[in-house]
Amino acid sequence: MSKIEIKLPDNGRREFDAPVTPALVAQTLSRSLALKALAAVVDGRVVDLNYPISKDSEVRILTWDDPQGREVFWHSSAHLMASAVLELFPDTKLAIGPAIPDDFSAKFYYDLDMPQKLTDAELEKIEKKMAEIVSRNLPFDRREANRLESIKEFRSAGDIYKAEMASEWSDETVSFYSHGNFTDMCRGPHLPSTGYIKAVKLLSVAGAYWRGDEKNKMLQRIYGVSFPERKMLDEHLQKIEEARKRDHRFLGRDLDLFSIVDDVGSGLVLWHPRGAMVRHIIEAFWKEEHLGNGYEIVYSPHIAKLDLWNTSGHTGFYAENMYSPMPIENVQYEIKPMNCPFHIQIYKSKTRSYRELPIRWAELGTVYRYERSGVLHGLMRVRGFTQDDAHIFCRPDQLTVEIVRTIEFNLFFLRTFGFEDYDVFLSTRPQKFVGTIEGWDLATEALRLALETAKLNYQVDPGEGVFYGPKIDIKIKDNLGRSWQCTTIQVDFNLPERFQIEYSAEDGTRARPIMIHRALLGSMERFFGILIEHYAGNFPVWLAPEQIRVLPVTDEAAPYAEKVLAALKGAGLRAQIDISNEKIGKKIRDAESLKVPYMAVVGKIEAAAGQVALRRHRAGDIGKYSLDQAIEMLKGLEAQKKID
RNA sequence: GCCGGAGUAGCUCAGUCGGUAGAGCAGCUGAUUUGUAAUCAGCCGGUCGGGGGUUCAAGUCCCUUCUCCGGCUCCA
């Protein structure tokens with residue numbers, strides 16, 4: 001028997017008789033690790049715990065604490081679910097069933113082709129069956145088979161999806177995993193046995209095209225979550241419930257922020273006074289910061305001649321998101337899906353010198369895009385929205401500096417609103433594009449260089465750029481850890497070319513500027529939706545539509561309450577008064593329900609002392625303040641843009 | 001757009017086998033003058049998403065259409 005050396009993550013080394021398995025390695029390390037072990041990484045590859053190791057290797061044991069360990073757990077859960085479905089509905093065909101570690105609520109799914117339509121009642125049945133299979137504690141067994149043979153078997157068994165997948169691979173063999181009577185072609189790895197999956201919840205069933213292509217058949221997808229302990233599942237379900245409570249669509253109605261009504265149309269937002277106030281504050285801050293950071297503000301119309309969009313390339317490359325043109329005195333006009341051609345026209349209004357560059361023009365520009373009915377979602381996906389747009393026209397030598405500047409400016413904004421975690425993506429040339437490949441490469445390199453200069457970690461998103469240029473997308477993480485796309489920074493060599501814009505260079509020749517398109521918050525609609533969910537409707541003082549509400553205890557205190565209100569308003573605070581014929585408990589309840597950050601309770605005692613009894617939303621009574629102290633405190637919170 | 005689910009008062013929801021639509025909250029009016037998350041009473045409020053059909057009779061059964069929800073695809 002030969003000896004092999006296993007290197008461990010702490011750089012320790014141990015000798016074993018070959019072949020050894022990760023399970024055995026775990027046992028020699030500690031009994032608790034052996035119990036927690038789900039899978040292992042051997043020389044960088046995730047494998048089963050009973051994977052035979054026959055040469056010197058580096059081994060790391062995966063537990064629930066490793067993302068890869070959880071992924072194995074959820075992948076096995078998908079298999080478990082598929083086996084339960086097959087026991088209940090034997091004529092089901094399996095398509096694909098992976099773990100989805102990045103999703104907020106669901107952690108795995110399986111796409112199934114079955115004659116009967118699944119309902120929630122059937123999900124419960126499947127869950128029960130899964131629990132039964134868990135209690136059987138069936139081991140997951142791996143075996144390999146010849147790929148071409150397997151394809152034949154799939155075909156004769158009518159397993160068209162598996163056959164299609166296997167026929168696209170090139171390996172000699174394919175692997176199968178079985179537990180009990182259930183077998184599925186799968187790369188693995190899997191848990192040692194079904195008994196590990198102690199707690200399962202199937203969340204929903206939904207349609208999903210085979211391979212995500214709408215030309216293909218629509219399958220039924222079951223989403224689920226699973227955990228090694230019941231308690232963890234309960235906590236997870238609670239988190240989903242918490243997210244549901246924060247849903248901006250419900251908070252938007254309950255807090256009287258906005259509405260979207262059928263009479264106006266799908267995806268078209270009505271901003272109510274309270275929501276519009278929040279937007280106004282965001283926009284005022286945005287404008288002030290832009291003006292202070294080398295931007296100038298511009299405005300442009302909502303429609304323009306169709307020809308403008310022909311020049312820009314939108315009618316060719318963006319047609320599916322644009323509304324039909326409308327004839328005005330025999331000329332076709334088009335409602336704008338983007339602001340860029342207008343800013344280019346402003347640029348073109350006179351001869352530009354290299355000395356003027358960079359030119360930075362910002363506009364809160366409202367655009368209209370056709371979105372298919374099924375994708376609309378509250379404020380997050382709408383058909384009319386206002387981008388916090390800007391276009392920077394610069395010389396090639398200024399490009400990287402401008403992008404870095406934009407990134408830094410952007411991070412300042414996001415941090416001010418309370419977002420500290422980001423995922424950054426660099427999106428490269430898509431299938432449909434304008435311009436030359438060289439131009440694209442140049443633009444992509446500029447973005448890459450800027451990201452590296454700004455020291456941001458990023459991932460490359462191949463083929464996800466816009467038709468006129470590559471882009472940096474920044475997704476922010478909210479308080480619940482969900483990520484949202486807001487910022488986009490795009491480099492564009494193409495529109496300057498298409499519109500033939502120029503500047504006089506230092507040497508007197510004509511040169512072409514480069515454009516940077518950027519939206520930092522993305523759109524006012526989406527950003528507002530994200531803010532609502534991030535804060536669960538509890539806006540910080542600087543953003544709250546109503547910062548403080550004066551609550552007189554009795555009518556007798558009303559004159560003093562009016563005086564307090566006038567003083568608060570006089571200090572520039574957004575204050576209201578509740579003079580309804582209700583008891584103080586009810587007034588407090590109403591203000592709490594509207595999530596007003598501060599309440600000033602005033603009765604006889606306060607009137608006599610010239611004070612207010614302050615109450616903090618969600619926290620309760622915080623004691624008596626003189627009117628001046630109260631104003632000073634609130635103005636301080638507002639000025640600091642404090643988030644608590 | 002596609003698959004599945006759901007639409008009853010402003011909101012949350014009842015409504016049995018097909019037999020003249022109901023509650024709480026909100027709103028209005030009045031009483032009450034109240035001390036840190038709901039005072040009491042009365043009143044108003046509905047072509048049961050729209051259209052069509054079956055039936056003596058439809059919120060209920062059938063067809064169709066719109067909107068919303070969960071996803072897929074797409075995206076700020």
Side-chain angles (χ1 to χ4, degrees), chain A residues 103 105-106 109 111 117-120 203-223 247 249-250 253-254 256 259-263 265-267 318 320-321 337-339 365-367 369-389 464 466 471 473-475 484-488 490 517-527 529-530 551-558 581-594 599-606 613-623:
Chain A
D103 191 85
S105 57
Y109 66 81
D111 281 352
K117 303 291 177 199
L118 290 173
T119 63
D120 287 351
L203 298 168
S204 59
V205 56
Y209 300 107
W210 165 235
R211 317 204 108 180
D213 188 334
E214 57 189 309
K215 289 185 204 79
N216 289 338
K217 177 162 184 185
M218 185 156 282
L219 309 172
Q220 297 192 79
R221 174 175 296 181
I222 305 178
Y223 283 97
D247 191 318
R249 293 167 300 181
F250 303 125
R253 190 222 307 126
D254 295 345
D256 198 12
S259 60
I260 298 171
V261 299
D262 194 20
D263 287 341
S266 298
Y318 206 70
E320 58 195 31
N321 286 294
M338 292 191 192
N339 303 303
T366 304
V367 297
R369 298 182 185 174
Y370 168 69
E371 300 284 355
R372 297 155 102 191
S373 57
V375 309
L376 300 172
H377 180 91
L379 293 176
M380 303 304 191
R381 247 337 243 295
V382 293
R383 285 181 174 156
F385 57 99
T386 302
Q387 293 183 303
D388 67 317
D389 209 357
E464 293 299 313
V466 209
K471 61 175 179 172
D473 280 339
I474 298 181
K475 292 190 179 176
W484 303 99
Q485 155 93 64
C486 293
T487 307
T488 183
Q490 308 166 353
H517 307 241
R518 45 114 286 193
L520 307 183
L521 309 178
S523 75
M524 299 315 294
E525 285 73 8
R526 177 178 290 177
F527 193 70
I530 295 166
L551 309 177
V553 177
T554 64
D555 285 353
E556 203 184 334
N581 186 4
E582 294 287 353
K583 300 214 286 198
I584 190 67
K586 168 69 166 162
K587 293 182 183 184
I588 286 169
R589 186 186 151 81
D590 288 345
E592 289 282 351
S593 303
L594 275 172
M599 285 149 269
V601 177
V602 294
K604 262 189 265 194
I605 307 161
E606 289 77 16
L614 280 189
R615 184 190 161 95
R616 176 77 178 104
H617 168 51
R618 293 192 295 172
D621 194 349
I622 56 168

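What's counted below: heavy atoms across the whole structure, side chains too, no hydrogens, waters or symmetry copies. As the structure is a prediction and not an experimental result, all values here were calculated from the model.
Contact annotation for A:K475: no contact, since no heavy-atom pair falls under 4.0 Å across all strands. When heavy atoms are screened at a 4.0 angstrom cut-off, A:G620 is found touching no nucleic acid atom at all. At a threshold of 4.0 angstrom between heavy atoms, the contacts of A:E525 with the nucleic acid are absent. Heavy atoms of A:T386 sit nowhere under 4.0 angstrom from any nucleic acid atom. Within the nucleic acid shown, A:G212 comes within 4.0 Å of sugar-phosphate atoms alone, with no base atom in reach, counting heavy atoms only. Within 4.0 Å of A:A591, counting heavy atoms only, lies no atom of the nucleic acid at all. Contacts of A:G207 with the nucleic acid, taken as non-hydrogen atoms under 4.0 Å apart, include base atoms. Residue A:Q485 is classed as a sugar-phosphate contact, given heavy-atom separations below 4.0 Å to backbone atoms only. A:K587 comes within 4.0 angstrom of nothing in the nucleic acid, heavy atoms only. As judged by a 4.0 angstrom heavy-atom cut-off over every strand, A:D262 is placed among residues touching the sugar-phosphate backbone only. Base contact: A:I605 has a heavy atom under 4.0 Å from a base atom. As judged by a 4.0 angstrom heavy-atom cut-off over every strand, A:V382 is placed among the base-contacting residues. Within the nucleic acid shown, A:S373 comes within 4.0 Å of at least one base atom, counting heavy atoms only. Backbone-only engagement by A:I584 is indicated by non-hydrogen atom pairs under 4.0 Å involving sugar-phosphate atoms exclusively.
Side-chain proximity of A:R253 to the nucleotides B:C72, B:U39, B:U12 is greatest for B:U12. Distance from the side chain of A:R249 is smallest to B:G70 among B:A76, B:U34, B:G70. Here B:C74 is the nucleotide among B:C74, B:G71, B:U33 with the atom lying nearest to any side-chain atom of A:R381. When distances are taken from the side chain of A:Y223 to each of B:G70, B:G71, B:A26, the shortest belongs to B:G71. Distances were taken from every side-chain heavy atom of A:F385 (C-beta onward) to each of B:G1, B:A76, B:C72; the shortest belongs to B:A76. In this structure, the nucleotide among B:A37, B:U39, B:G35 sitting nearest to the side chain of A:E592 is B:A37. Considering only the side chain of A:E464, B:C75 comes nearest among B:G1, B:G35, B:C75. Checking B:G35, B:A76, B:U73 against the side-chain heavy atoms of A:S523 singles out B:A76 as nearest. Distances from the side chain of A:K586 to the nucleotides B:C11, B:A26, B:G70 place B:A26 closest. Here the side chain of A:A208 is nearest to one of B:A76, B:U34, B:C72, namely B:C72.
Under the Watson-Crick or G-U wobble criterion, with both distances below 3.5 Å, B:C43 is paired with B:G27. Across all strands shown, the partner of B:G22 is B:C13, judged by Watson-Crick or G-U wobble contacts whose two distances both fall under 3.5 Å.
Of the inter-residue distances, the one linking A:E214 atom CD with A:R372 atom CZ reads 4.0 Å to the nearest 0.5 angstrom. Between atom CD1 of residue A:I530 and atom CD of residue A:Q485 there is a gap of 9.0 Å, rounded to the nearest 0.5 Å. Annotation: the span from A:K583 atom NZ to A:I588 atom CD1 amounts to 12.0 Å, rounded to 0.5 Å. The distance from atom CG of A:L520 to atom CG of A:D389, rounded to the nearest 0.5 Å, is 9.5 Å. Atom CZ in A:R589 sits 14.0 Å away from atom CG in A:L551 (nearest 0.5 Å). Between A:R253 atom CZ and A:D247 atom CG the span is 9.5 Å, to the nearest 0.5 Å.
To the nearest whole angstrom, the two P atoms, one in B:A38 and one in B:C43, are 26 Å apart. Separation of the C1' atoms belonging to B:G30 and B:C13 is 29 Å when rounded to the nearest angstrom. Atom P of B:G5 sits at a distance of 28 Å from the matching atom of B:G10, rounded to the whole Å. When the C1' atom is used for both B:G49 and B:G7, the distance is 6 Å, rounded to whole Å. A gap of 10 Å separates the C1' atoms of B:U8 and B:G22, to the nearest Å. For the P atoms, the distance from B:A31 to B:C69 is 45 Å, rounded to whole Å.
Formation of a donor-acceptor pair under 3.5 Å by the A:R369 side chain with backbone atoms of A:P337 is found in this model.
Residue order along RNA chain B, read from the 5' end via each residue's closest nucleotide, puts A:H617 first among A:R369 and A:H617. Between A:G585 and A:L521, the residue whose closest nucleotide on RNA chain B is further toward the 5' end is A:G585.
Evaluation of atom-type donor-acceptor distances gives no pair under 3.5 Å for the side chain of A:E371 against the base of B:G1. For A:R372 against B:C74, no side-chain N or O and base N or O form a donor-acceptor pair under 3.5 Å. With hydrogens and angles left out, the side chain of A:Y209 and the base of B:G71 share no donor-acceptor pair within 3.5 Å. At a cut-off of 3.5 angstrom, the base of B:C75 holds at least one donor-acceptor pair with the side chain of A:R526.
We find that CD of A:E214 is positioned 10 Å from P of B:U73, with the value rounded to whole Å.
For the pair A:K475 and A:D473, the salt-bridge criterion is not met [side-chain N within less than 4.0 Å of a carboxylate O].
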